Amino acid sequence: MLYERPKTLQDAVGMLAETRGKAFVLAGGTDLLVRMKSDEFDANLIVDIKSIEGMSEIVETDGAFVIGAAVCCAALGEHEALRDAWPGVVEAANLIGSTQIQGRCTIAGNLCNASPAADSVPALVAAGARAKIVGPDGTRTVDVQEIPLGPGKTSLKAGELVQSIDLPKPAPRSADAYLRFIPRTEMDIAVVGVAVNLTLDADGTVASARVALGAVAPTVVLSEAAAGTLLGTRLEDEALDALAAACSAASNPIDDKRGTIEFRKHVAGVLGRRAARMAYDRAGGA
Amino acid sequence: MSAIAVSTTINGDDVEFLCQPDETLLDVLRNRLGLLGSKEGCGTGDCGACSTVMDGRVVCSCLVLGAEAEGHTIETIEGMAQGKDLHPLQRKFIEHAALQCGICTPGFLVTAKALLEVNPDPTEEEIRFWLAGNLCRCTGYDKIVRAVQDAAREMRGEVA
Ligand SMILES: Cc1cc2nc3c(=O)[nH]c(=O)nc-3n(C[C@H](O)[C@H](O)[C@H](O)COP(=O)(O)OP(=O)(O)OC[C@H]3O[C@@H](n4cnc5c(N)ncnc54)[C@H](O)[C@@H]3O)c2cc1C
Ligand code: FES
Ligand code: FES
């Protein structure tokens, strides 16, 4: 196995595209190194992207926050403007692992690892985040939910890597929230995670909504039905009941030792209701 | 596999070493550099016994490749005491009997020191969350939390 640390994106893409055999991008390594230790792991090349210029920066433009693929999640929590704009994305990213994991892990890695339970991904999907991808054929930008295809599988082609995750600047009176259920208070894998992103009218009615559910299907579920229950409401009890029912209905989870199907569906509704309330309050709704 | 030459700074000293591409920083510290303070509890990022500081952030050295240390600054438990003068956290861990077998202790000390650098006056809850990635199977966490609180008080110049 070779370890390479390219300084430019072009070099990184070249190395990934030219290698015969298996190649892996290395960001924070908090998934990849755990995998490397298993006997089945087999790779010819590891491309460490942390020395590529600009990869470790968060750039605020007029319309967006451009988060380099090597920015660790702890740095997201330290970025005041980003926290103010996307509190839910930042709280989801900061839920990943421990202090030690936060110092390394990235949201791009969380996305590309394609775990159904990845914490930052529902929040990114609800926020309408886009991933900028570079590869042998140039650059393309896709909605983040187009990258994970199922557990451990992505739509990235040979030689491609995610350069940045781009979050749009939110409209006025907007906010998001993310909640997950885990059996402990820290350091565990989401049994269910729900992200809600709302924009309110001047009078406090919900003008637009996005609701994304994690760990209840092979990939994140962006539920239009759940979002629709909130439109035109001020989160009255009936609206929240309808949202909870829609979140449960949109969930198609597995049964395992960490939660039964019935439990997961129920919790999806409970968390949807609470996350909506949080997002609404943050957006300035009363 | 051919070895990689790495130059880095560890506890303030320039250090050069050779390592294999798949060798972790923890293995380099322990097996090549004789720095045996960082421990391997799990090797998968769950226990924090291998905690070291890299460019000011605490990381699990079992989840960092030795090669990734190139050009970076590493601090380990060996750099914590100044000669024979123990760091306040080290003294308070002893005073409060916040250790038994001691395997988890270097990781707790390194991680707690990083906390007090960013937050000199943490609440109990903040201490417990910050240290959630450090597992102890002997002592129970109360004594550890109390030792950190006491050290923080002393470091803030309040009478203990
Ligand atoms: C102790 C522990 C606790 C954890 N807790 C949580 C948790 O609570 N919630 C959670 O969601 N996850 C958790 N994780 C998993 C992991 O930390 C996250 O998925 C993390 O975000 C991965 O990011 P990374 O930068 O470390 O990825 P890496 O390990 O570097 O990469 C992950 C995968 O994505 C690929 N990849 C990375 N970056 C790119 C890129 N830019 N372009 C293309 N491919 C790329 C890699 O090749 C690899 O296959 C935990 C892991 C550990 C060890
Ligand atoms: S040995 Fe690194 S976290 Fe357990
Ligand atoms: S003192 Fe033995 S594991 Fe903590």
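Chain letters run A, B, ... following the sequence lines, proteins first, then strands; residues in each count from 1. No experiment lies behind these values; they were computed from the predicted model shown. Side chains included, hydrogens not; waters and symmetry mates left out as well; all remaining heavy atoms used.
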- Only one of B:E68, B:E23, B:E70 forms a side chain to side chain contact (heavy atoms under 4.5 Å, CB included) with A:Y3, so which one is it?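 Among the candidates, only B:E68 passes.
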
- Item | Other residues, nucleotides, ligands: >12 heavy atoms within 6.0 Å of A:R274 CZ |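 Not more than 12 within 6.0 Å, no.
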
- Query: Is it true that atom CZ of A:R20 has more than 12 heavy atoms of other residues, nucleotides or ligands lying nearer than 6.0 Å?
  - Reply: no

- Query: So which of A:V34, A:I101, A:D48 has the biggest tally of heavy-atom pairs under 4.5 Å with chain B?
  - Reply: A:V34

- Task: Select one option (side chain, backbone, both, neither) describing which atoms of A:E4 are under 4.5 Å from chain B's heavy atoms.
- Result: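 For A:E4, neither part sits under 4.5 Å from chain B.
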
- Query: So which part of A:L26 gets closer than 4.5 Å to some heavy atom of chain B, the side chain, the backbone, both or neither?
  - Reply: side chain

- Query: Nearest heavy-atom pair of A:M187 and B:G133: which atoms, and what distance?
  - Reply: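 Closest approach of A:M187 to B:G133: CE-CA, 4.1 Å.
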
- Item | Heavy-atom pair of closest approach, residues A:R5 and B:A67 |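 Distance-wise, the nearest heavy atoms are NH1-O, 3.0 Å.
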
- Please round to the nearest 0.5 Å and tell me the distance separating atom CG of A:L2 and atom OG of B:S2. 6.5 Å

Look at the side chain of [X] and the backbone N and O of [Y], then say whether any donor-acceptor pair between them is shorter than 3.5 Å.
{"X": "A:T99", "Y": "B:W130", "value": "yes"}
{"X": "A:R104", "Y": "B:V58", "value": "no"}
{"X": "A:K37", "Y": "B:T44", "value": "no"}

By a 4.5 Å heavy-atom criterion (distance strictly below it), what part of [X] contacts chain A: side chain, backbone, both, or neither?
{"X": "B:T52", "result": "neither"}
{"X": "B:V64", "result": "both"}
{"X": "B:L65", "result": "both"}

- Query: With chain A, which of B:V59, B:T111, B:L115 has the greatest number of heavy-atom pairs at distances under 4.5 Å?
  - Reply: B:V59

- Item | Side chain to side chain, A:Q100 and B:N134, heavy atoms closer than 4.5 Å | yes

